[in-house]
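One structure is given below, encoded as structure tokens.
These numbers come from a predicted model, not from an experiment. These values consider heavy atoms only, across backbone and side chains, with no hydrogens, waters or symmetry-generated copies. First the proteins, then the strands, lettered A, B, ... as listed; each starts at 1.
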Protein chains: 2
Amino acid sequence: MEATPKIEPIISTTMADQVEERLREYITHKAFRPGDAIPKEVELAEALGVSRNVVREALSRLRMLGMIDTKKRRGMILTQPDILSGLERMMHPHILGTDTRKQIFEFRLVLEVGQAALLFVRKTDEGIQKLEAIVKQESQVLTIQEKVDCEIAFHSALYEMAGNETIKRFQAMLMPVFEYVVEYETDHDFHTVGSVTHRDLVNILKNGTPEEFTSGMLKHLEPHLLRLA
Amino acid sequence: MEATPKIEPIISTTMADQVEERLREYITHKAFRPGDAIPKEVELAEALGVSRNVVREALSRLRMLGMIDTKKRRGMILTQPDILSGLERMMHPHILGTDTRKQIFEFRLVLEVGQAALLFVRKTDEGIQKLEAIVKQESQVLTIQEKVDCEIAFHSALYEMAGNETIKRFQAMLMPVFEYVVEYETDHDFHTVGSVTHRDLVNILKNGTPEEFTSGMLKHLEPHLLRLA
DNA sequence: ATTGCACTTATGTAGTACATATCGATGCGA
DNA sequence: TCGCATCGATATGTACTACATAAGTGCAAT
């Protein structure tokens, strides 16, 4: 524990922070729709009683999140944000803490298992053929790198078939951290594999049930799961 | 289709955008650790050949994401970012598109099912007792609102027991969107429930296996899953 | 009606000035 | 020598001004 156990509730909330919050309230609270215009910078500055500088800092943040779009004379309009834009900017393993990395590691495992919920609704013959091709290629692989590539290709193809772009992107962003944890913060090998192989999973996908698939995926990931505290 | 099929590859990349990117590269590429100091605003401005204003807009974004922390005379230091800070700012149902909302809806279903991967590693007696208390309370409930509250409480308690703060927070952020979709964009009731009840899930958690739990959760969520296209 | 040009306007960038908090040193007194 | 208060020095926070730049707007000419 630190010397001061619980003091310092004051957080230096700067003007830009406050303005950002007010603007987000303004944008989300009202019945605004994408495409609607919002007041000019100078008007906002005057209305909020701050300098244009502060307003611009707040707007700059919202722009980064994709909540607004600004053009030179047109002014600013609301846009529907890219909910993962914030995430992708900080998914670098070594700027995160070990605890966060571990949670992200677990997050991916959860996604892999839960996928089945969508997979059996969306599965297609082409998707399965693609998976089979990867499995076949995997059996002829020699180097470790090739094996890892196949591993990633297989699971990417699964997400592809699940038909949820958000989950797919999210998982892709998780991967670098996942690999980092496997590489540096666990004692077993990346490609240690459970009693259920990729080939088994494909077969379940073809002829089995969602229940069987989740069971299979749990078995497939068992080496990872056993490592959890 | 528009009149011009493929023109307009130019994206007005502003100075602040570029500086933000450069700073992120600078922060992530090097072997920096949380706590390390980064150059002063004026130094950055001079080094990058832009005004201090632009640098501050970029820094303001990184500060929002929790990547840096600044104090009055101390300067700026790297911090380990809160990976969900960006997300929570835009999880408002009505500023998202219907497609995004649907994907978030699915995302939660996937998490619910995949949870089992962690749940059986982390389950505790106290957690199960808490779940049982909720189930018991649920059986005596009268109004719809109370029923919904129990629903939320039950699933929150599950995430609590899973012991992954990131997933728990993430799920909590998903919920408003999930409820919105159920309320306005599906034709069945919120509390339509599958053939497996909360009580069944608790029993599986006590005496069953992860495989049985995922199966049970799939059944529990079946009304939602059947609605997916 | 379309093209071309000047004008207007809102954002983007630069620069200056000052406020504010905080670190560090200096000096005073016990 | 050890506090303790005071006083700069310094980096961020805020305000203000000025101008550049892109993009509508409207008018005029062909």
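Put simply, the side chain of A:Arg101 gets close to the backbone of A:Leu96: a donor and an acceptor are under 3.5 Å apart.
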Show me the protein contacts with nucleotides 17-21 of chain C, counting only N or O atoms at under 3.5 Å.
{"residue": "C:dT20", "atom": "O2", "partner": "B:Lys72", "partner atom": "NZ", "Å": "3.4"}

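Judged by distance alone, with hydrogens and angles left aside, A:Asn53 brings no side-chain donor or acceptor close enough to the base of D:dG13 to form a pair under 3.5 Å.
Here D:dT14 presents its P atom at 11 Å from CD of B:Glu41, a figure rounded to the nearest Å. As rounded to whole Å, 13 Å separates atom C1' of C:dA10 from atom NZ of A:Lys71. Atom CD of A:Glu57 is separated from atom C1' of C:dT11 by 16 Å (rounded to the nearest Å). The CE atom of B:Met15 sits 12 Å away from the P atom of C:dG15 (whole-angstrom rounding). If you measure from atom CD1 of A:Ile68 to atom P of C:dA10, you get 16 Å, rounded to the nearest angstrom. Taking atom CG of residue B:Leu59 and atom C1' of nucleotide D:dT14, one finds them 16 Å apart after rounding to whole Å. For B:Arg56 and D:dA15, the CZ to P distance is 11 Å, given to the nearest whole Å.
Contact annotation: B:Ser51 does not reach the phosphate of C:dT13 (side-chain N/O to OP1 or OP2, under 4.0 Å). Taking side-chain N and O atoms only, A:Thr70 has no distance below 4.0 Å to OP1 or OP2 of C:dA10. A sub-4.0 Å separation between OP1 or OP2 of D:dT14 and a side-chain N or O of A:Thr14 is present.
Here the side chains of B:Thr70 and A:Thr14 are not in contact, with every heavy-atom distance at 4.5 Å or above. In this structure, the side chains of A:Arg108 and A:His155 come closer than 4.5 Å at one or more pairs of heavy atoms. In this structure the side chain of B:Asp99 never reaches within 4.5 angstrom of the side chain of A:Glu165, judged on heavy atoms. In this structure the side chain of B:Glu126 never reaches within 4.5 angstrom of the side chain of B:Met161, judged on heavy atoms.
Ring centroid separation for the pair A:Phe32 and A:Tyr26 comes in under the 6.0 Å cut-off.
Residue contacts for A:Val50: at a heavy-atom cut-off of 4.0 Å it reaches the sugar-phosphate backbone alone, with no base atom in range.
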Between B:Phe105 and B:Tyr180, does a ring pair (Phe, Tyr, Trp, His ring centres under 6.0 Å) hold up when you go through it step by step?
CA-CA 9 Å; B:Phe105 173 84; B:Tyr180 181 95; over 10 Å; no
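In this structure, of C:dT13, C:dA10, D:dT12, it is C:dA10 that holds the atom nearest to the side chain of A:Lys40. Counting only heavy atoms from C-beta on, B:Met76 has its side chain closest to D:dT12 among D:dT14, D:dT12, C:dG15.
Heavy-atom nearest nucleotides on DNA chain D were determined for B:Arg74 and for A:Ala16, and the one closer to the 5' end corresponds to B:Arg74.
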